[in-house]
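Contents: one structure, followed by commentary.
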Amino acid sequence: MRWSQTFLPTMKETPADAEIPSHQLMLRAGLIRQLMAGAYTYLPLGLRALKKAEAIVREEMDAAGAIELLMPALQPIDLFERTGRKSAFGNVLINFNIRRGDRTVHLALGPTHEEVITDLIAKHVSSYRQLPLCLYQIQTKFRNEERPRFGVLRTSEFLMKDAYSFHTSLESLNETYQKMYRAYCRIFARCGLDYLPVEAESGPIGGDASHEFMIPAANGEDQIVFCKKTGYAANLERAETGRQTPAIAAPADAQPLQKVSTPNVGSIDAVCKFLKCSPQQMVKTLIYVADGKPVGVLLRGDHEANEGKIRRVLEAKDLQLADPSTIFQVTGAPVGFAGPVGLKCEFIADHDVPLVANAVTGANEEDMHLTGVNVVRDYALKTTYDLRNAAAGDPSPRGEGTLELVHGIEVGHVFKLGTKYSVSLDAVYDDEKEFRQPMIMGCYGIGVNRIIAGLAETRFDDNGLIWPLAVAPYSVLLCPLGVTDTETMELTERLYAELQANGVDVLLDDRDQRPGFKFKDADLIGIPLRVVIGGKGLKEGLIEVKWRSEAEAKKLPVDGIGPAILKLLADRRAEEAARVPG
RNA sequence: CGGGAUGUAGCUCAGCUUGGCUAGAGCGCCUGGUUUGGGACCAGGAAGUCGCAGGUUCGAAUCCUGUCAUCCCGACCA
């Protein structure tokens, strides 16, 4: 492609609306333009990158035995009512009425396609002989994001690869799950992403039933916990800690229990400021209602409750923070003054709670707190549990190493669904003994746009983007200096034709611009290999070849430059491929 | 949905506090010339319903009210 013929609007200045690197660079490099909040046009250059990523996804899905199809984005609302997801999605589900003659038809724009595919399979698969089956599509999804943000990372319309598998047994599901997991590793590695598979919330099946694929990035919306030493990685919701129940004993230097007045001082922050203590010295008492029964949950003041863990410890189906009247009932005080001493309901404590010596807690009395609170003497604990979100510095659950906390961008998710959709949409088959069984399902998603945004977010320098060869919109940028010089242009044209004949994606910067101008644009759009023809190099019979990812250029003789470039590309491709797991 | 900020030329922004000549600058764009290895220079030029609506006023980019849009923080995210 000739630069002068395509539509590639680059920008020297950073648009004020863009804050994070990927958004700024994708705008500046002419990859995308915003239409409205959460909706972006992919310009020719951005579309090429997106298509490259899409092709890699397609290749790996095919290789893993998934079969491609294409389902409608338009879906009848009825399907979502049958699975209960109309209300589960709520406002996120874009749906509306349209008129057809004298009828009104209620439609949704697909936020994902479990319903459609399950309905399809329910209608056409009825025997165990037809299973297992794994189908996928690459298609635009619609979700009414309450708050679209971070450019292309969180939008209301996005390209997703979604795959669904159907099985007669958990073993079969696990086999496909593993295949998908491996395919995902290969996909992200091929795309040049520094990815991390993490354990995620396991949902209906439990156990090791869900993994998210994350790109560690400062601007990622998700928090992930990982341990370098043991390789343990999980999202914050799910992450366990290796902490144990400590010795439950009062400290030697126990101070006397004292009641202090803290008028209108209810929050941890406010109490700390008022009493000049730190959150680590406090024990906070959250009152939950578990299956209708109030329960106190004790945590160190600076820690965050993890409701999943609390629910599991309590073996509760339903768990909610208590309302003010319940809190008044069990504490005798308004919200903000609960504490373990004299609490009128059962309570459980996190492992770190008994370690807080001479703690500050609520006094279960309006506008009062206690200081010098110590376990055993002032309140009793039989044991402790892991009830909070993991924090940096916690021991890894694998016995050694410590946990770190990083932000990540979720690019993929594999999930064992179980029979939720097959039951509600009647996707059943007859087994060998003619028993009717619901199909066991898995689903597997990849945010294709996020592959591109994730690369832009993690691979750049002061001058612009740095594409890996595998996803770069073009592999080579030919950069003739002096487009009016006949010798330069003849050579350039010959090389352009030669590379194209060998299947190389080439962009030819044929604009009549000064060298500096062209170099700045070249760096900004980040094409992996820049080939400079003309100027002082050409006078010596040399052509300058420079990788975007490296600082130094190589000078190669004009003779044999075509094959030399092909060799460089082949070597680089091999290098990138070497990082892909088998 | 709660909190905050912003809206003036394609982009970045000034002007608004304290209303007053024809609304400005840089970049980009067009014309001509000089340049040509890291976003050149000179000369000339085009480009704006000052987000929109209403109000106050002799007079509004500027003050007031409403509204829309965008961004950020938080809540939410099968």
Side-chain angles (χ1 to χ4, degrees), chain A residues 7 9-20 23-24 27-30 33-40 79-80 83-93 108 110-115 118 141-151 153-156 158 160 162 164 200-204 210 212 219-223 235-237 321 410 413 415-418 420-421 424 441 443 445 447 462-464 479-485 488 509 511-525 530 532-540 542-544 546 551 553 555:
Chain A
F7 178 54
T10 58
M11 282 189 279
K12 190 150 80 173
E13 287 179 285
T14 304
D17 280 347
E19 290 226 337
I20 65 170
H23 192 195
Q24 295 178 343
L27 286 167
R28 288 223 294 136
R33 283 296 180 268
Q34 184 179 49
L35 176 63
M36 59 179 186
Y40 287 82
L79 280 179
F80 288 93
T83 57
R85 288 215 298 177
K86 182 172 186 286
S87 60
F89 271 118
N91 195 35
V92 171
L93 184 69
T112 170
H113 279 71
E114 277 86 356
E115 281 82 359
T118 307
K141 298 285 188 277
F142 299 88
R143 294 180 191 181
N144 178 34
E145 288 297 340
E146 294 292 322
R147 190 183 153 210
R149 62 183 127 178
F150 299 141
L153 276 176
R154 189 164 199 83
T155 53
S156 292
F158 56 96
M160 182 170 166
D162 48 326
Y164 308 90
E201 209 43 58
S202 55
S210 169
E212 290 168 346
N219 289 304
E221 288 187 90
D222 295 281
Q223 290 212 286
N235 74 16
L236 189 59
E237 281 285 287
L321 273 172
E410 184 188 349
H413 196 171
F415 197 91
K416 295 178 192 172
L417 278 175
K420 173 174 162 68
Y421 296 97
S424 54
M441 293 174 60
C443 70
D462 288 347
N463 293 316
C479 200
L481 301 184
V483 295
T484 49
D485 181 66
T488 302
D509 188 354
R511 296 172 302 171
D512 188 7
Q513 289 288 355
R514 298 160 62 87
F517 184 95
K518 289 190 171 194
F519 293 158
K520 285 289 186 190
D521 258 354
D523 285 349
L524 179 58
I525 68 172
R530 189 187 77 188
V532 178
I533 302 141
K536 41 194 196 196
L538 194 58
K539 282 184 197 124
E540 299 159 27
L542 295 173
I543 285 179
E544 182 187 289
K546 181 179 171 299
K555 299 229 165 126

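By convention in this document, chain letters (A, B, ...) are assigned in the order of the sequence lines, proteins followed by strands, and residues within each chain are numbered from 1. Any value given below was found using the heavy atoms of this structure, including those in side chains, with hydrogens, waters and symmetry copies removed.
One interatomic measurement links the two molecules: CZ of A:Arg28 to P of B:U12, which rounds to 12 Å at whole-angstrom precision. When the C1' atom of B:A75 is taken as reference, atom CZ of A:Arg149 falls 9 Å away, rounded to whole Å. Taking atom CZ of A:Arg147 as the reference point, atom P of B:G4 lies 15 Å away to the nearest angstrom. With rounding to whole Å, A:Glu13 atom CD is found 4 Å from B:U12 atom C1'. Summarising the geometry, the separation between NZ on A:Lys12 and P on B:G38 is reported as 14 Å, rounded to the nearest angstrom. Rounded to whole Å, the distance from NZ on A:Lys520 to P on B:C27 is 17 Å. Here B:C76 presents its C1' atom at 12 Å from CG of A:Asn144, a figure rounded to the nearest Å. If you take CZ of A:Arg33 and C1' of B:C11, they are 9 Å apart, rounded to a whole angstrom.
Looking only at side-chain heavy atoms (C-beta outward), A:Ser424 and A:Glu115 stay at 4.5 Å or farther from each other. Taking 4.5 Å as the limit, every side-chain heavy atom of A:Phe517 sits out of range of all side-chain heavy atoms of A:Asp509. In this structure the side chain of A:Leu27 reaches within 4.5 angstrom of the side chain of A:Arg33, judged on heavy atoms. Taking the side chain as every heavy atom from C-beta outward, A:Phe519 and A:Asn463 never approach each other to under 4.5 Å. Under the 4.5 Å side-chain criterion, counting only non-hydrogen atoms from C-beta, A:Leu153 is not in contact with A:Asn219.
Nearer the 5' end of RNA chain B, as judged by each residue's closest nucleotide, is the contact made by A:Ala16, out of A:Ala16 and A:Pro515. For the pair A:Val532 and A:Gly38, nearest-nucleotide mapping onto RNA chain B gives the more 5' position to A:Val532.
A:Glu145 comes within contact range of no nucleotide atom at all, as no heavy-atom separation falls under 4.0 Å. Within the nucleic acid shown, A:Thr14 comes within 4.0 Å of sugar-phosphate atoms alone, with no base atom in reach, counting heavy atoms only. If you check every strand for non-hydrogen atoms under 4.0 Å, A:Arg530 touches a base. The residue A:Ala37 sits close only to the backbone: its heavy atoms come under 4.0 Å of sugar-phosphate atoms, none of a base. Within 4.0 Å (heavy atoms only), A:Asn463 reaches no atom of the nucleic acid at all. Contact annotation for A:Glu221: no contact, since no heavy-atom pair falls under 4.0 Å across all strands. Residue A:Gly537 is classed as a base contact, given a heavy-atom separation below 4.0 Å to a base. In this structure, A:Gly482 reaches neither bases nor backbone, as no heavy-atom distance under 4.0 Å exists between it and the strands shown. In this structure, A:Phe150 reaches the sugar-phosphate backbone alone: every heavy-atom distance under 4.0 Å involves primed, P, OP1 or OP2 atoms, never a base.
The pairing partner recorded for B:G24 is B:C13, the criterion being a Watson-Crick or G-U wobble arrangement whose two distances lie under 3.5 angstrom. Both distances falling under 3.5 Å, in either a Watson-Crick or a G-U wobble arrangement, occur for no nucleotide opposite B:G39. Across all strands shown, B:U57 remains unpaired; no Watson-Crick or G-U wobble contact has both distances below 3.5 Å. Pairing partner, B:G7: B:C68, with both Watson-Crick or wobble hydrogen-bond distances short of 3.5 Å. With both pairing distances under 3.5 Å, B:G74 is matched to B:C1 as a Watson-Crick or G-U wobble pair.
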> Step by step, would you call A:Arg85 with A:Glu114 a salt bridge (charged side-chain N to carboxylate O under 4.0 Å, His left out)?
Replying inline: CA-CA 10 Å; A:Arg85 288 215 298 177; A:Glu114 277 86 356; 3.0 Å; yes
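Taking the side chain of A:Phe519 as heavy atoms from C-beta on, and the options B:C76, B:G37, B:G39, the nearest nucleotide is B:G37. The side chain of A:Glu19 has B:C72 as its nearest neighbour among B:C72, B:A78, B:A40.
Using C1' as the reference atom, B:A47 and B:A25 are 15 Å apart when rounded to the nearest Å. Taking atom C1' in both B:C30 and B:C68, one finds a spacing of 34 Å when rounded to whole Å. Rounded to the nearest Å, the gap between the P atom of B:A78 and that of B:G4 is 29 Å. Between B:G54 and B:G15, the distance separating the two C1' atoms is 25 Å to the nearest Å. B:U62 and B:G2 have their C1' atoms separated by 31 Å, with the value rounded to a whole Å. Nucleotides B:A60 and B:C41 have their C1' atoms positioned 41 Å apart, rounded to a whole Å. Remark: the separation of the P atoms in B:U8 and B:A46 is 23 Å, to the nearest Å. B:G19 and B:C63 have their P atoms separated by 9 Å, with the value rounded to a whole Å.
An OP1 or OP2 oxygen of B:C71 is reached within less than 4.0 angstrom by a side-chain nitrogen or oxygen of A:Gln34. At the phosphate of B:A40, OP1 or OP2 sits under 4.0 Å from a side-chain N or O atom of A:Arg514.
Taking the charged nitrogens against the carboxylate oxygens, A:Arg149 and A:Glu221 do have a contact shorter than 4.0 Å, which makes a salt bridge.
Here the closest non-hydrogen pair linking A:Arg28 and A:Pro15 is CG-CD, 4.2 Å.
For a distance-only test at 3.5 Å, the side chain of A:Asp521 qualifies as a donor-acceptor partner of the base of B:G39.
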